[in-house]
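Convention: sequence-line order gives letters A, B, ...; per-chain numbering from 1. These figures come from a predicted structure and were not determined experimentally.
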Amino acid sequence: MRFSDMLIPTLRETPSDAEAFSHILMLRAGYIRQLAAGIYIYLPLGFKVIEKINRILREEMNSIGAQEVSLPALHPAEIWQSTGRWYEIGEEMFRLKDRTGRDMCLGMTHEEIMTWLAAREIRSYRNLPQIWYQIQIKLRDEARPKSGVLRTREFLMKDSYSFDADDEGLEKSYRLHADAYHRIFSRCGLRFYMVESDPGMMGGAASHEFMAPSSAGEDEIARCSACGYAANIELAASNSRKMEMMDWDLEEVYTPEKRTVEEVSNFLKTAPQYFIKSLLLISDKGPVLALIRGDAELHEKKVERILGKHRPAHKTEVKEILGVEAGFIGPVNHNVRIIADPVLKEGVYISGANKENYHLKGIRPGKHFSAEWHDIRLAKEGDTCPKCDSPLEFEKVIEIGNIFKLGTKYSVPLKAFYLDERGEEKPVVMGSYGIGPARIAAAAIEQNHDKDGIIWPVSIAPFDVEILPLNVGDKNTVDIAEKIYRELKEKGIDALIDDREERAGVKFKDADLIGIPVQVIIGERNLKDGFVEVKDRKTRKSERIKLEETHEHIMLILSHMGKEGT
RNA sequence: CGGGGCGUAGCGCAGCCUGGUUUAGCGCACCUGCCUUGGGAGCAGGGGGUCGGAGGUUCAAAUCCUCUCGCCCCGACCA
């Protein structure tokens, strides 16, 4: 491809409304343009990258026996009503009416439609298992689109769905996907982890996420490098730092105007981990007192899994229910339901006395109050692995893929049944699996860039090689460049030739920005002695190569970089 | 949805507070010519704006007031 024929509108300056590296660089290097909040145009270079990623997705999905289909993006409401999600999902779903007034929506995911299809077309155990996938637009009216292509309202997704006769089958399909996903992300040149995750509204038994570490990520994971434990922070279990057992007797201590753990801890000169932090929550079934150690933080999502929808109690409610203001509440001497972090099972603590200006010292959980024990605490720096007790590491990550075991959540309401060997009708057991190609591209940039621009992994770079004839006014330079271009093309190497009448500096800057992994620099200086220069974008190392060895050398470099088929 | 910020040429910005020498400006990009060709050259000439939109105040509005739309950031939310 010729640079002069291609739309590659690079920008010298950073557009003011971009912040994430991937966003800035995709904009500056001419990969994308923004149409509206969370809605993007892919320019030729950007589109090529997405297509490269999609090719890898197709190869790997096909290799596990998945079949590509294409489902509509426009859905009738009834099908979403039958699984209940029409009502459960809020404003995030784009809803509209057709000309006859019929309720419709834009597809934010395709469990319903895939299951609808399965309900019609799968009749017998002989038809199972099946894996169907598509690479399709999803539409979600995100509350806050952000970070360029990382969180958008319209985006491409490779989504696949497995249909099995039983849990054992699902287990196998799930495993196939997990393995395929590992191959996909490795081939795309990403650093990533597979972590345990919360199935959330998706429902089902288990799920994992594939996470690419990056400071631009919205999620956080906890990870143990010793035993391999890794989980989304929303789910991560951990062991808190151990503490000494005190031999305090139970007594009320006067703590005037000291309400927060920090205040009381300073006042009594006792470390926060000797305190019990008590938080009154209001759930659908009434008030619940949540207890965590003084140095910990409550994790909303974990609490929600136990209590369902809930909220913190208002000041007046605290007073009504416990008879004292929030700063002095504690677990002893009342009948409010208590859920507590298991770390509190051992130890002797200080907490509110449920009496104005007093705290209670010497509380022994189990003896002075009873509670339901649940992990409701946010794992944090300094905590150790729940499996092997080694220190946990925490990292910000971009979610690039996820896999869910759905079970029969969708097959039952949508009546996707099959007849087994004995003629018995059974619901199909499902899984669903997603990957966002744009997030792969963005994560690749987040993980591979420098101050001058993008450094693409070869596998997903828009071109393998960029040829830079520095002075197109020099006939020899042009002839050699064209010759190399032709030779590479014949070898199946996708090359971009910067044939523009620009000065060398401009070409160098643009080449670094765009980030094609190999640069072939053709200047009169080297040409005189029969050499060209081949430069690695990443290491910036360049070698003078004899003209006649150029394309062999390029093939060699590309294969070192992991280009397939070289 | 709550909090903050910003809308002036394709991009980056100044001007606004204190209305009138502003015919709305600067850098880059763009067009023409000359010159130049190994890290975003130089010179000369040129094109491009209903100052996000609507209403108002005023003799006079990019500038002041009201409403509105859009975009970004933090948070909540996120099948």
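With hydrogens and angles ignored, a donor-acceptor pair under 3.5 angstrom links the side chain of A:K535 to the base of B:G39. Evaluation of atom-type donor-acceptor distances gives a pair under 3.5 Å for the side chain of A:R503 against the base of B:A41. Between the side chain of A:E502 and the base of B:G40, no donor-acceptor pair of N or O atoms lies under 3.5 Å. Side-chain to base pairing of A:E524 with B:G38: no donor and acceptor N or O lie closer than 3.5 Å to each other.
Out of B:G38, B:C11, B:C74, the shortest distance to the side chain of A:F508 is found at B:G38. For A:E13, the side-chain atoms get nearest to B:C11 when compared with the rest of B:C72, B:A41, B:C11. Closest approach to the A:D512 side chain among B:G39, B:C13, B:G40 is made by B:G39 (side chain taken as heavy atoms from C-beta onward). Proximity note for A:P15 (side chain, C-beta onward) versus B:C28, B:C11, B:C72: the nearest is B:C11. Residue A:D17 places its side chain closer to B:C71 than to any other of B:G12, B:C71, B:G38. Of the listed nucleotides (B:G38, B:C71, B:C73), B:G38 has the atom at the smallest distance from the side chain of A:R525. When each of B:G12, B:C72, B:G38 is scored by its nearest atom to the side-chain atoms of A:Q34, the top-ranked nucleotide is B:C72.
Spacing between atom CG of A:D529 and atom P of B:G38 amounts to 15 Å, rounded to whole angstrom units. Rounded to whole Å, the distance from CD1 on A:I39 to C1' on B:G70 is 12 Å. In this structure, A:R153 places its CZ atom 14 Å from C1' of B:C72, rounding to the nearest Å. Between the CZ atom of A:R500 and the P atom of B:A29 there is a distance of 12 Å, given to the nearest Å. Note: CG (A:D498) to P (B:G39) measures 15 Å, nearest angstrom. Here the P atom of nucleotide B:U36 and the CG atom of A:D474 are 14 Å apart, to the nearest Å. One atom, CG of A:L11, and another, P of B:G10, lie 13 Å apart when rounded to the nearest Å. We find that CG of A:D452 is positioned 14 Å from P of B:G39, with the value rounded to whole Å.
Stacking of A:K138 on the aromatic ring of A:F155 is not recorded, the 6.0 Å distance cut-off and the 45° axial limit not both being met.
Among the atoms of the strands shown, none is found under 4.0 Å from any heavy atom of A:E91. Heavy atoms of A:A36 sit under 4.0 angstrom from primed sugar atoms or phosphate atoms, though from no base atom. Residue contacts for A:G523: at a heavy-atom cut-off of 4.0 Å it reaches a base atom on one of the strands shown. Residue-level contact check: A:R28 touches the bases, meaning some heavy atom is under 4.0 Å from a base atom. If you check every strand for non-hydrogen atoms under 4.0 Å, A:K138 touches nothing. Residue contacts for A:A143: at a heavy-atom cut-off of 4.0 Å it reaches a base atom on one of the strands shown. Among the atoms of the strands shown, base atoms are found under 4.0 Å from some heavy atom of A:N471. Note on A:D510: a base of the nucleic acid sits closer than 4.0 angstrom, heavy atoms only.
In this structure, B:G7 forms a base pair with B:C69, meeting either the Watson-Crick or the G-U wobble geometry with both donor-acceptor distances under 3.5 Å. In this structure, B:A76 forms no base pair with any nucleotide, since neither Watson-Crick nor G-U wobble geometry is met with both distances under 3.5 Å. When Watson-Crick and G-U wobble pairs are counted only if both distances are under 3.5 Å, B:C30 pairs with B:G46. For B:U21, there is no paired base (Watson-Crick or G-U wobble, both distances below 3.5 Å).
Nucleotides B:G53 and B:G10 have their P atoms positioned 13 Å apart, rounded to a whole Å. B:G70 and B:G33 have their P atoms separated by 45 Å, with the value rounded to a whole Å. Going from the P atom of B:G49 to that of B:C11 covers 14 Å, rounded to whole Å. If you take atom P in B:A54 and the same atom in B:G40, they sit 44 Å apart, rounded to whole Å. Rounded to the nearest Å, the gap between the P atom of B:A61 and that of B:U68 is 24 Å. Comparing the same atom, C1', in B:U23 and in B:C51 gives a spacing of 15 Å after rounding to whole Å. Remark: the separation of the C1' atoms in B:C35 and B:A44 is 11 Å, to the nearest Å. For the C1' atoms, the distance from B:U50 to B:C34 is 37 Å, rounded to whole Å.
No more than 12 heavy-atom neighbours from other residues, nucleotides or ligands sit within 6.0 angstrom of CZ on A:F21. Around the CD atom of A:E68, the shell of radius 6.0 Å holds more than 12 heavy atoms that belong to other residues, nucleotides or ligands.
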**Item:** Audit row: A:D499, A:S4, side-chain hydrogen bond (donor to acceptor under 3.5 Å, both in side chains) steps and yes/no
**Value:** CA-CA 6 Å; A:D499 56 341; A:S4 63; 2.6 Å; yes
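A salt bridge links A:R223 and A:E395; the closest N-O separation between the charged side-chain nitrogens and carboxylate oxygens is under 4.0 Å.
Nearest heavy-atom pair, A:V412 versus A:P427, reported as atom, atom and distance to 0.1 Å: CG2-CB, 3.9 Å.
Close placement of the A:W456 and A:Y31 rings is indicated, their centers lying within 6.0 Å of each other. The ring of A:H208 has its center no closer than 6.0 angstrom to the ring center of A:Y181.
Mapping A:E300 and A:S542 onto RNA chain B via the closest heavy atom, the residue that lands nearer the 5' end is A:S542. Judged by closest nucleotide on RNA chain B, A:R144 is the one of A:N402 and A:R144 placed further toward the 5' end.
Residue A:R12 has no polar side-chain atom (N or O) positioned under 4.0 Å from OP1 or OP2 of B:C28. For B:C13, one of the phosphate oxygens OP1 or OP2 lies less than 4.0 angstrom from a side-chain nitrogen or oxygen of A:S16.
Between A:D375 and the choices A:R305, A:K302, A:K301, the salt bridge (charged side-chain N to carboxylate O under 4.0 Å, His left out) rule is met once, by A:K302.
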